[in-house]
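For reference, the structure discussed in these notes is given below.
Numbers here simply count residues along the sequence, with the first being 1.
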Amino acid sequence: MPALLRTFLRTLLLASTLVLLAACGQVKHPINPPGASIQQLDVLADGRWKLQVRLENFSDQTVRYGAFKAELRVGGEAAGAIDTNADMDIPGENADILDITLVPGADAAKAFKADISRPDGVAYELKGTIQIPAAGKDYKFAHKSRLSPIPGVANSYR
């Protein structure tokens, strides 16, 4: 076999091997923007609100969550600011709960009391940012929904 053909075949074999090895590497999927909503709101005896904020991972991989900053509005009134470190890993296409205690603004507490007995409950809006350190950025989110009393459980709303 001529030397030129042998060199060509070796080069082809080496290139093929490198392509196959590269194909075996881990596929890196993009991180999808996360979401957040109120899972439950409990009105404590001293008037504070205990919030269970549901952090949602819409990615197909486990994501570590960092700083969580949000503004909560209830019944159209500013209820308060949330600024905490979630410091949790959430598996792909799953959610986890972040517990937060908040002293609501007086106007929001009044609006909540006035609207919670309505058949459709009280409207709320939660918007802000969720930090994902691995992506090196803060993702914006906004969620609007309503809260209604949990039947048989005093001072708890979903």
Side-chain angles (χ1 to χ4, degrees), residues 19-158:
V19 168
L20 288 173
L21 285 173
C24 293
Q26 185 177 17
V27 176
K28 187 77 171 169
H29 293 261
I31 294 176
N32 294 323
S37 60
I38 296 178
Q39 176 84 26
Q40 184 168 319
L41 184 153
D42 296 310
V43 178
L44 304 176
D46 62 4
R48 293 179 301 148
W49 292 351
K50 180 183 173 198
L51 304 173
Q52 291 180 357
V53 176
R54 179 182 174 91
L55 293 180
E56 298 174 277
N57 179 3
F58 296 114
S59 297
D60 63 357
Q61 61 188 308
T62 297
V63 175
R64 179 139 193 96
Y65 290 81
F68 178 84
K69 297 178 182 182
E71 295 291 328
L72 175 63
R73 296 184 69 77
V74 174
E77 301 293 336
I82 300 167
D83 187 353
T84 190
N85 186 8
D87 192 29
M88 65 175 64
D89 293 324
I90 300 178
E93 298 176 5
N94 272 289
D96 205 343
I97 300 298
L98 181 60
D99 290 317
I100 297 164
T101 302
L102 176 74
V103 178
D107 291 339
K110 184 177 176 182
F112 183 84
K113 285 180 184 177
D115 290 351
I116 198 62
S117 60
R118 294 175 40 159
D120 60 347
V122 63
Y124 81 86
E125 178 180 10
L126 186 65
K127 68 178 180 177
T129 60
I130 303 171
Q131 179 192 49
I132 298 181
K137 66 188 263 186
D138 294 347
Y139 288 87
K140 290 182 181 180
F141 74 91
H143 185 84
K144 291 181 181 181
S145 191
R146 303 188 82 75
L147 295 166
S148 298
I150 299 174
V153 183
N155 301 318
S156 292
Y157 308 89
R158 286 198 174 154

Tightest non-hydrogen contact, residues Pro133 and Gly66, listed as CD-N, 3.9 Å
Output every pair passing salt bridge (Lys or Arg N to Asp or Glu O under 4.0 Å) with a member in residues 96-113, not counting sequence neighbours, ordered by first then second residue.
none
Residue pair Ala79 / Ala108: nearest heavy atoms and the distance that separates them:
CA-CB, 3.5 Å
For Asp120, side-chain hydrogen bond (donor to acceptor under 3.5 Å, both in side chains) partners two or more places apart:
Arg118, Arg146
Among residues two or more places apart or on two chains, list those pairs meeting salt bridge (Lys or Arg N to Asp or Glu O under 4.0 Å) that have a residue in residues 70-82.
none
Test side chain to side chain contact (heavy atoms under 4.5 Å, CB included) applied to Pro91 - qualifying residues, sequence neighbours left out:
Thr62, Asn94
With a 4.5 Å heavy-atom cut-off, do Ile31 and Ser59 have their side chains touching?
yes
Residue that, paired with Gln52, satisfies side-chain contact (heavy atoms from CB on, under 4.5 Å) out of Leu98, Ile97, Ile100:
Ile97
Which atom of Arg158 lies closest to which atom of Gln40, heavy atoms considered:
NH2-OE1, 2.8 Å
Quick test of your reading: applying salt bridge (Lys or Arg N to Asp or Glu O under 4.0 Å), list the pairs with at least one residue in residues 48-63, sequence neighbours left out, ordered by first then second residue.
Asp46-Arg48, Arg54-Glu56
Counterpart residues, side-chain hydrogen bond (donor to acceptor under 3.5 Å, both in side chains), relative to Asp87 (two or more places apart):
Arg64
So which pairs with a foot in residues 80-117 pass ring pair (Phe, Tyr, Trp, His ring centres under 6.0 Å), sequence neighbours left out?
Trp49-Phe112, Phe112-Tyr157
Go through Val63 and Asp89 one step at a time and tell me if the side chain to side chain contact (heavy atoms under 4.5 Å, CB included) criterion holds.
CA-CA 6 Å; Val63 175; Asp89 293 324; over 6 Å; no
Of the non-hydrogen atoms in Val122 and Ala111, which two are nearest, and what is the gap between them?
CG2-O, 4.4 Å
With a 4.5 Å cut-off on side-chain heavy atoms, are Val53 and Leu126 touching?
yes
Does any part of the side chain of Leu51, heavy atoms only, come nearer than 4.5 Å to the side chain of Leu72, both counted from C-beta?
yes
For a quick test of reading the model, state the closest non-hydrogen atom pair linking Ile38 to Leu41 and the distance between them.
CG2-N, 4.2 Å
Could you work out, with side-chain hydrogen bond (donor to acceptor under 3.5 Å, both in side chains) as the rule, every residue matching Ser156, not counting sequence neighbours?
Asp42
What I'd like to find out is whether the side chain of Ile132 reaches to under 4.5 Å of the side chain of Pro34, using heavy atoms alone.
yes
To the nearest 0.5 Å, tell me how far Gln61 CD sits from Ile90 CD1.
13.0 Å
Residue pairs meeting side chain to side chain donor-acceptor pair (under 3.5 Å), one or both in residues 127-142, sequence neighbours left out, come to none
Sequence neighbours excluded, every pair satisfying ring pair (Phe, Tyr, Trp, His ring centres under 6.0 Å) that has a member inside residues 55-90
Phe68-Phe141
Mind checking side chain to side chain contact (heavy atoms under 4.5 Å, CB included) for Lys144 and listing every partner two or more places apart, or none if nothing turns up?
Glu125
